[in-house]
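All values below were derived from every heavy atom in this structure, side-chain atoms included, with hydrogens, water molecules and symmetry-related copies excluded.
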Amino acid sequence: MNIDILCVGKIKEKYLSDAISEYSKRLSRYCTLKIIEVADEKTDENASETACDKVRSLEAERLKKYIKTGAYVITLEIDGKQLDSVSFSNCLSKLMVDGVSDIQFVIGGSIGLHNSISELAKMHLSFSKMTFPHQLMRVILLEQIYRAYRIKNNEPYHK
C-alpha cells in the first residue's frame with residue numbers, strides 16, 4: 001500500500017517534526033509512506049472571503065500537481081465523516097481488499113481546502129468538530145494510520 005500525505009506548509013516546530021519522523025518510521029513496516037509539502041500562502045488575519053478563496057485556490061493548484069490519477073483521495077475537513085479508530089482501520093482494510101494501492105490524504109492550510117480539491121476526494125474525513133492546527137493534524141493522522149494497521153493486524157496498541 002502506498003500512502004501519501006499531501007499538505008500545505010512546512011513544519012517548523014521540532015517536537016512536531018520528531019513525532020512525524022517517529023510515526024513515519026513505525027509505518028515503514030506496513031506501507032510506503034510519502035509526505036509531500038507544498039508552499040503555503042501568507043494570509044492577512046482580516047482577509048476577506050474573496051482573498052481567502054484566492055489563497056486556497058493557489059494552494060490547491062500546488063496540491064493538484066501531486067494528486068495521482070486513480071488514487072483514492074481522502075481530504076481532511078471539519079465537516080467530513082467522523083469515524084472511530086476501528087471503523088477507520090476497517091475502511092483502510094476494505095480499500096486494500098478492493099485493490100486500492102494508492103491512498104492520498106490531503107490536509108489544507110490554515111484556512112482550509114479549496115472546493116476544487118474537495119471535489120476530487122472520494123472521502124471527506126473529520127477527526128473532530130474542533131479546529132486543530134494543520135501542522136498538528138499531520139501527527140494525528142499519522143498516529144491514526146499507524147493505529148489502523150495495528151488494529152488490522154491484531155497487534156497490541158494502547159487504547
Side-chain angles (χ1 to χ4, degrees), residues 1-28 30-85 87-89 91-92 95 100 102-149 158:
M1 173 67 62
N2 299 309
I3 296 178
D4 295 341
I5 299 176
L6 282 59
C7 35
V8 176
K10 301 259 184 230
I11 298 292
K12 296 175 183 103
E13 297 84 359
K14 184 178 179 337
Y15 70 96
L16 292 174
S17 295
D18 289 348
I20 289 166
S21 293
E22 177 61 29
Y23 282 111
S24 296
K25 183 176 84 178
R26 290 182 187 191
L27 280 165
S28 68
Y30 300 108
C31 65
T32 301
L33 176 72
K34 275 194 230 169
I35 298 175
I36 299 163
E37 297 176 331
V38 301
D40 57 349
E41 289 290 316
K42 285 246 185 231
T43 309
D44 185 47
E45 197 167 307
N46 299 316
S48 67
E49 183 52 37
T50 303
C52 287
D53 195 56
K54 173 89 171 143
V55 166
R56 287 188 289 264
S57 178
L58 290 168
E59 293 171 346
E61 290 310 310
R62 293 179 189 133
L63 288 166
K64 285 178 189 174
K65 293 177 185 172
Y66 296 98
I67 294 179
K68 299 175 190 169
T69 303
Y72 193 92
V73 177
I74 301 172
T75 53
L76 273 60
E77 302 185 42
I78 200 161
D79 290 325
K81 184 174 184 175
Q82 292 187 14
L83 302 172
D84 62 28
S85 296
S87 297
F88 181 61
S89 177
C91 176
L92 293 183
L95 291 174
V100 172
D102 291 300
I103 299 174
Q104 292 188 299
F105 291 92
V106 184
I107 302 172
S110 61
I111 57 172
L113 287 169
H114 191 263
N115 288 340
S116 64
I117 296 293
S118 293
E119 291 166 0
L120 295 173
K122 294 184 178 157
M123 179 180 185
H124 308 279
L125 183 64
S126 173
F127 281 87
S128 173
K129 291 292 182 192
M130 294 180 183
T131 302
F132 296 104
H134 60 285
Q135 300 94 337
L136 181 59
M137 275 313 303
R138 292 185 212 180
V139 177
I140 295 169
L141 175 60
L142 286 167
E143 191 281 334
Q144 285 299 305
I145 295 169
Y146 176 68
R147 183 182 297 270
Y149 274 105
H158 61 81

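- In this structure, S110 and D40 have side chains that are not in contact, with every pair of non-hydrogen atoms separated by 4.5 Å or more.
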Side-chain donor-acceptor distances from residues 74-81 under 3.5 Å, at least two apart:
{"unit_1": "T75", "atom_1": "OG1", "unit_2": "E77", "atom_2": "OE2", "d": "2.6"}
{"unit_1": "T75", "atom_1": "OG1", "unit_2": "H124", "atom_2": "ND1", "d": "2.9"}
{"unit_1": "E77", "atom_1": "OE1", "unit_2": "S118", "atom_2": "OG", "d": "3.3"}
{"unit_1": "E77", "atom_1": "OE2", "unit_2": "S118", "atom_2": "OG", "d": "2.8"}
{"unit_1": "E77", "atom_1": "OE2", "unit_2": "H124", "atom_2": "ND1", "d": "2.8"}

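- Looking at heavy atoms from C-beta onward, I103 lies in side-chain contact with M1 at the 4.5 angstrom threshold.
- Take K64 and apply the salt bridge (Lys or Arg N to Asp or Glu O under 4.0 Å) test, not counting sequence neighbours, and it matches E61.
- Within the 4.5 Å cutoff, the side chain of Q144 has no heavy atoms near those of the L83 side chain.
- Here the side chains of L63 and L113 are in contact, with some heavy-atom distance below 4.5 Å.
- Within the 4.5 Å cutoff, the side chain of L92 has heavy atoms near those of the F88 side chain.
- Counting only N and O atoms by type, the side chains of Q82 and S128 include no donor and acceptor under 3.5 Å apart.
- When the shell of 6.0 Å around NZ of K34 is examined, it contains 12 or fewer heavy atoms from other residues, nucleotides or ligands.
- Annotation: side chain of L33 is not in contact with side chain of I145 (no heavy-atom distance under 4.5 Å).
- Contact check for F132 versus I140: side-chain heavy atoms found under the 4.5 Å cut-off.
- Note that CD1 of I111 and CG of D53 are 8.5 Å apart. Values are rounded to the nearest 0.5 Å.
- Between Q104 and I67, the shortest heavy-atom distance links the atoms OE1-CA, 3.3 Å.
- For E59, there are no side chain to side chain donor-acceptor pair (under 3.5 Å) partners, not counting sequence neighbours.
- For E22, the salt bridge (Lys or Arg N to Asp or Glu O under 4.0 Å) partners at least two apart in sequence or on another chain are K25, R26.
- For the pair L141/F127, a side-chain contact is recorded, criterion being any heavy-atom separation below 4.5 Å from C-beta on.
- By the salt bridge (Lys or Arg N to Asp or Glu O under 4.0 Å) test, D102 pairs with K68, sequence neighbours left out.
- Taking a 6.0 Å sphere around NZ of K129, one finds it holds more than 12 heavy atoms contributed by other residues, nucleotides or ligands.
- Between V139 and A19, the shortest heavy-atom contact is CG1-CB, 3.8 Å.
- Taking every heavy atom of both residues into account, G70 and K122 meet most closely at O-NZ, 4.4 Å.
- Here K42 pairs with nothing under the salt bridge (Lys or Arg N to Asp or Glu O under 4.0 Å) rule; sequence neighbours left out.
- Under a 3.5 Å cut-off, the side chain of S21 and the backbone N or O of S17 do form a donor-acceptor pair.
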